[in-house]
Amino acid sequence: MHVAVVVKIVIQKSYFVNPFPIFAVSMETIKKDIRVLTKEELRDFFLKEGDKAFRGNQVYEWLWSKGAHSFEDMTNISIETREMLHKNFVINHIKVDQMQRSIDGTVKNAVRLHDGLIVESVLIPTAKRTTACVSSQVGCSLDCKFCATSRLKRMRNLNPDEIFDQVVAIDKESRLYFDRPLSNIVFMGMGEPLMNYNNVLKAIEKITSPEGLGMSPKRIIVSTSGVPKMIKKMADDEVKFGLAVSLHSAIDEVRTSIMPFNATFPLADLREALEYWYAKTKNTITYEYVVWDGINDTKKDVEALIKFCKFAPSKVNLIEYNPIDDGQFQQANSQALDMYISMLERNNITVTVRRSRGKDIDAACGQLANKT
Ligand code: SAH
């Protein structure tokens, strides 16, 4: 898998002698991304410039509420101030490099980051909602055998603004193509959000705060393969968004064979962390689960799942498998799915079957791998 890496460096005064002249590097002029500044830091910056602190609020609003991508957009700020900002800072915004539309209406964006790396995000329309499926890392830290993203390995974490920008881009597309704003966000794109927890949290803060996009945290779901320590941290941080756990098996041996990091974070630890999460939040726990032929399609697998779900109100989403090659994974037959549904329902566990969206453009769960 090839991912284009463009080394982009600001060239201005005072070059040092560079043995690789195509990468002309300026030692003093790599400008700071203005979006790393907090609101207070922005206010202080303007005070130091002899302006009013209030100017910081205005710029902050342009950056985080209106999603401005350039200082020129900030029309209620004087031209001189915009030029001064331009001299001091950059806005490292993402660019939607390529957009593909599926026959079912799903839209996939290949998003180019300021350093040339690419991630993907997906807009999923239904009758009433538009959901954004966003990425949290370039590649992925984990090694789930059935997921195309894991083959890219993790290249880096996304910054809060890079996560935020994916949401803004999808909101714009939703307004343009479906005449309505974005309604929901799932962190089910590339990467493991809990292995980039601080940045994911900062992005969600900007997405939900009234000074940002003002979306309700109840409309956001963070999906994790299950990092016990971080699930407990989320509970301690009293986050208001929802949690989904990609379980796929409640038997350690089976889970480790398809999600090898389960050897480090076994089910007993995951369960203990989830008990902690439930005790603190009282939120229903959603499990993502694919049933594969010959892997987890027996009665014993369902019984283990039921036992695992017993400690808290649970919901199981049975996801359709999206093939990533012709390898070891095949979707189980409908009898196996029916067995799961009836046994779970008999045990009062809510179960839903989720159809894939955007398969024709490789935009479905687990298919994001920068093929474009
Ligand atoms: N790392 C996070 C989020 C990214 S994966 C997580 O594991 O939850 C998003 C969801 O897609 C997860 O539930 C994952 O198990 C599922 N998934 C991965 N590959 C898939 C595939 N090929 N077909 C169907 N679902 C897949």
Side-chain angles (χ1 to χ4, degrees), residues 106 108 119-122 124 131-154 157-158 163 166 184-197 199-200 203-204 220-228 230-231 234 241-250 254-262 264-265 270 273-274 285-293 295-296 305 315-332 337 352-371:
T106 302
K108 180 168 84 171
V119 292
E120 292 174 334
S121 36
V122 184
I124 308 153
T131 300
C133 173
V134 297
S135 294
S136 55
Q137 297 181 313
V138 189
C140 189
S141 319
L142 302 177
D143 47 6
C144 305
K145 300 287 182 212
F146 46 83
C147 178
T149 309
S150 72
R151 298 182 179 174
L152 295 172
K153 305 295 174 210
R154 188 195 78 99
N157 286 338
L158 292 188
I163 297 168
Q166 293 175 63
N184 296 70
I185 302 172
V186 291
F187 280 78
M188 291 190 187
M190 295 168 134
E192 170 49 52
L194 295 196
M195 292 200 168
N196 184 19
Y197 179 71
N199 289 353
V200 166
I204 292 179
I220 300 176
I221 290 176
V222 169
S223 175
T224 177
S225 294
V227 188
M230 301 314 294
I231 292 173
M234 276 170 65
F241 50 81
L243 171 70
V245 177
S246 303
L247 194 62
H248 303 306
S249 174
V254 178
R255 195 165 193 259
T256 302
S257 73
I258 55 177
M259 302 170 83
F261 78 93
N262 185 70
T264 319
F265 304 122
L270 175 60
L274 290 170
I285 301 169
T286 301
Y287 296 106
E288 309 288 325
Y289 203 103
V290 179
V291 188
W292 288 285
D293 194 23
I295 292 178
N296 57 356
L305 174 61
K315 180 178 160 200
V316 175
N317 274 341
L318 293 177
I319 321 177
E320 191 182 339
Y321 176 55
N322 304 307
I324 56 169
D325 54 23
D326 303 324
Q328 65 176 122
F329 294 95
Q330 306 292 334
Q331 170 81 48
L337 277 185
T352 55
V353 179
R354 245 187 26 209
R355 264 190 46 242
S356 279
R357 303 289 305 270
K359 263 192 192 176
D360 56 324
I361 54 167
D362 284 329
C365 272
Q367 292 186 317
L368 302 183
N370 290 351
K371 274 197 195 165

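All ligand and atom numbering here is 1-based and tracks the order in the structure.
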Is E288 salt-bridged to R354, going by a charged N under 4.0 Å from an acidic O?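 Looking at R354 together with E288, the answer is yes, because their closest N to O distance falls below 4.0 Å.
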To check your reading of the model: name the closest protein heavy atom to [atom], its residue, and the distance in Å.
atom: atom 4 (C) of ligand 1; answer: G189 O, 3.2 Å
atom: atom 25 (N) of ligand 1; answer: C365 CB, 3.5 Å
atom: atom 9 (C) of ligand 1; answer: M188 O, 3.5 Å

Which of these, C144, S223, S246, has its nearest heavy atom closest to atom 12 (C) of ligand 1? S246
Compute the minimum heavy-atom distance from [X] to ligand 1 and say whether it is under 4.0 Å.
X: G226; answer: no
X: E320; answer: yes
X: A148; answer: no
X: F187; answer: yes

Purely on distance, is any nitrogen or oxygen of [X] under 3.5 Å from one on ligand 1?
X: E288; answer: no
X: V290; answer: no
X: P193; answer: no
X: Y321; answer: no

Please determine, by modelled atom types, if E192 and T224 share a side-chain donor-acceptor pair under 3.5 angstrom.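 Yes, T224 and E192 have a side-chain donor paired with an acceptor closer than 3.5 Å.
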Using the side chain to side chain contact (heavy atoms under 4.5 Å, CB included) criterion, which residues pair with P260? Sequence neighbours excluded.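 Testing P260 for side chain to side chain contact (heavy atoms under 4.5 Å, CB included), a comparison that skips the adjacent residues, returns D143, K145.
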Does R357 have any salt bridge (charged side-chain N to carboxylate O under 4.0 Å, His left out) partners at least two apart in sequence or in another chain, and if so, which?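 D104.
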Side chain, backbone, both or neither: which part of T224 comes within less than 4.0 Å of ligand 1 when only heavy atoms are counted?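 The part of T224 near ligand 1 is the backbone, not the side chain.
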